[in-house]
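Contents: one structure, followed by commentary.
Throughout, a chain's letter reflects where its sequence line sits, starting with A, and its residues are numbered from 1. None of the values given here were measured: they were computed from a predicted structure.
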Amino acid sequence: MISNKADSVIILDFETTGLSPGHGDRAIEIGAVRIENGEITDRFQALMNPGRPVNRFIEDYTGITNSMLCKARDCREVMGDFADFIGGHNLVAHNASFDKRFLDAELKRISRRYSGQFACSMLAARRLYQDAPNHKLSTLIRYKNIRAAGVFHRALYDSEMTAKLWLNMLEDIQAQYGITSIRFDLIQKLSKTPKYAVQELLNRNY
DNA sequence: TGCCAGGCCCTCTTTAGGGCCTT
């Protein structure tokens, strides 16, 4: 088991009506896990009613139907609970720029904020696993031989898979570079480091 | 009815364009 500051985080995933909150898209499901000391210690999952129907593509892509969303709680209620769940934790998502846009937009609607920093598992994986076929979440799970027993594109399952990938990355950094206490900002710095400079960054033992 | 984004990265770059990722 690993124990360091970088893995005391909330790992989250949104399912949404589309790609852009700036063009009116809304969240329809939030899933998240809390990781502490290398283990999942808490979970959050909720569907939320966006106030309008989702299109057929989203129903097929996520398995979340309009019938399910009609019975779901309002986005405002769910996001209020989720803001309480994340508290002041640092946050991780796969392609974090996407989830951050929706988190910011939904919390703005209820005048809530968060104080944690975001890290992106996809950007970090692009540096660490440069030989992977691609850096989609499902591909990286297979690439790392992580046990998967569920269906991708549901928020809680994707957040759990992202959490397992995140822990694998921390273990790989620890094993390959001997960094015993991996700080969250090292992962953020790694994500912005050019590929050719990754080895140098990690060899510095931060 | 059809279409709509945005951040990051790479390169045949930087006075730009296109692919990757997310739903």
* Structure fact -> When rounded to whole Å, the CG to P distance for the pair A/Asp99 and B/dG6 reads 16 Å

* Asked: Is there a side chain to side chain donor-acceptor pair (under 3.5 Å) between A/Asp25 and A/Thr17 once you walk through the steps?
  -> CA-CA 5 Å; A/Asp25 286 317; A/Thr17 65; 2.9 Å; yes

* To the nearest Å, how far apart are A/Phe118 CZ and B/dT22 C1'? -> 12 Å

* Pairwise salt bridge (Lys or Arg N to Asp or Glu O under 4.0 Å) hits with a residue in residues 78-92 of chain A, at least two apart -> A/Arg73-A/Asp81, A/Asp84-A/Arg112

* Asked: Atom CD1 of A/Ile141 to atom P of B/dC21: distance rounded to whole Å?
  -> 14 Å

* **Spacing of A/Ile30 atom CD1 relative to B/dT22 atom C1', expressed in whole Å** => 13 Å

* Name the nucleic acid region contacted by A/Leu137, choosing base, sugar-phosphate or nothing; use a 4.0 angstrom heavy-atom cut-off, strictly under. => sugar-phosphate

* **Lys/Arg-Asp/Glu bridge criterion (N-O < 4.0 Å) met for A/Asp104, A/Lys100** => yes

* To do: Please identify each residue that fulfils side chain to side chain donor-acceptor pair (under 3.5 Å) with A/Thr162, with sequence neighbours left out.
  => none

* Whole-Å gap separating C1' (B/dT22) and CG (A/Asn134) -> 13 Å

* Roughly how far apart, to the nearest Å, are B/dC3 and B/dG7 at atom P? -> 24 Å

* **Derivation and outcome, side chain to side chain donor-acceptor pair (under 3.5 Å), residues A/Glu36 and A/Ser8** => CA-CA 4 Å; A/Glu36 293 171 305; A/Ser8 178; 4.7 Å; no

* So, A/Asn134 and A/Thr139: side-chain donor and acceptor under 3.5 Å apart, yes or no? -> yes

* Taking atom C1' in both B/dT23 and B/dA5, what distance in whole Å separates the two? -> 11 Å

* **Given DNA chain B, 5'-ward residue of the pair A/Met122 and A/Ser20, judged by closest heavy atom** => A/Ser20

* Asked: So, is A/His135 close to the B/dC20 phosphate, meaning a side-chain N or O under 4.0 Å from OP1 or OP2?
  -> no

* **Partner set under side chain to side chain contact (heavy atoms under 4.5 Å, CB included) for A/Asn95, not counting sequence neighbours** => A/Ser97, A/Phe98, A/Met122

* Pairing of A/Glu106 and A/Arg76 as salt bridge, 4.0 angstrom limit -> no

* Reckon A/Asp13 touches a base, only the sugar-phosphate, or nothing at all at heavy-atom distances under 4.0 Å? -> sugar-phosphate

* **Touch class at under 4.0 angstrom, heavy-atom based, for A/Gly18 against every strand present** => base

* Asked: Please give, in whole Å, the distance from B/dC21 P to A/Leu165 CG?
  -> 13 Å

* For the residue pair A/Tyr157 and A/Phe152, does the interplanar ring angle fall in the parallel (under 30°), tilted (30 to 60°) or perpendicular (over 60°) class? -> perpendicular

* For B/dG19 and B/dT13, measure between their P atoms and round to the nearest Å. => 16 Å

* To do: Begin from the C-alpha positions of A/Arg154 and A/Glu15 and carry the test salt bridge (Lys or Arg N to Asp or Glu O under 4.0 Å) through to its verdict.
  => CA-CA 7 Å; A/Arg154 285 300 299 266; A/Glu15 305 304 319; over 6 Å; no

* **Flag if over 12 foreign heavy atoms under 6.0 Å of CZ, A/Arg147** => no

* In residues 144-164 of chain A, which residues come under 4.0 Å of DNA chain B by heavy atom? -> A/His153, A/Asp158

* Taking the side chain of A/Phe98 as its heavy atoms from C-beta onward, which of B/dT23, B/dC21, B/dC4 lies nearest to it? -> B/dT23

* To do: Could you list by number each residue of residues 63-77 of chain A showing a heavy-atom separation from DNA chain B of less than 4.0 Å, or answer none if no residue does?
  => none

* Exercise: do A/Asp172 and A/Tyr129 side chains pair donor with acceptor under 3.5 Å -> yes

* Measure from CZ on A/Phe14 to P on B/dT23 and round the result to the nearest Å. => 12 Å

* Asked: Do the ring planes of A/Trp166 and A/Phe184 sit parallel (below 30°), tilted (30 to 60°) or perpendicular (above 60°)?
  -> tilted

* To do: Using the C1' atom on both, measure B/dT1 against B/dG6 and round to a whole Å.
  => 25 Å

* **Spacing of the C1' atoms in B/dC4 and B/dT22 (rounded, Å)** => 16 Å

* To do: Nearest whole angstrom, please: distance from the P of B/dG6 to the NZ of A/Lys100.
  => 14 Å

* To do: For A/Phe57, report the nucleic acid contact type (base, sugar-phosphate, nothing); a contact means any heavy atom under 4.0 Å.
  => base

* Structure fact -> Reading nucleotides 8-13 of chain B from 5' to 3' and marking B where a protein heavy atom lies under 4.0 Å of the base, S where only the sugar-phosphate is that close, and - otherwise, the string is SSS---

* Report which part of the nucleic acid A/Asp25 touches: base, sugar-phosphate, or nothing (heavy-atom distance under 4.0 Å, all strands). => nothing

* **Inter-nucleotide P distance (B/dC8, B/dC12), Å rounded** => 23 Å

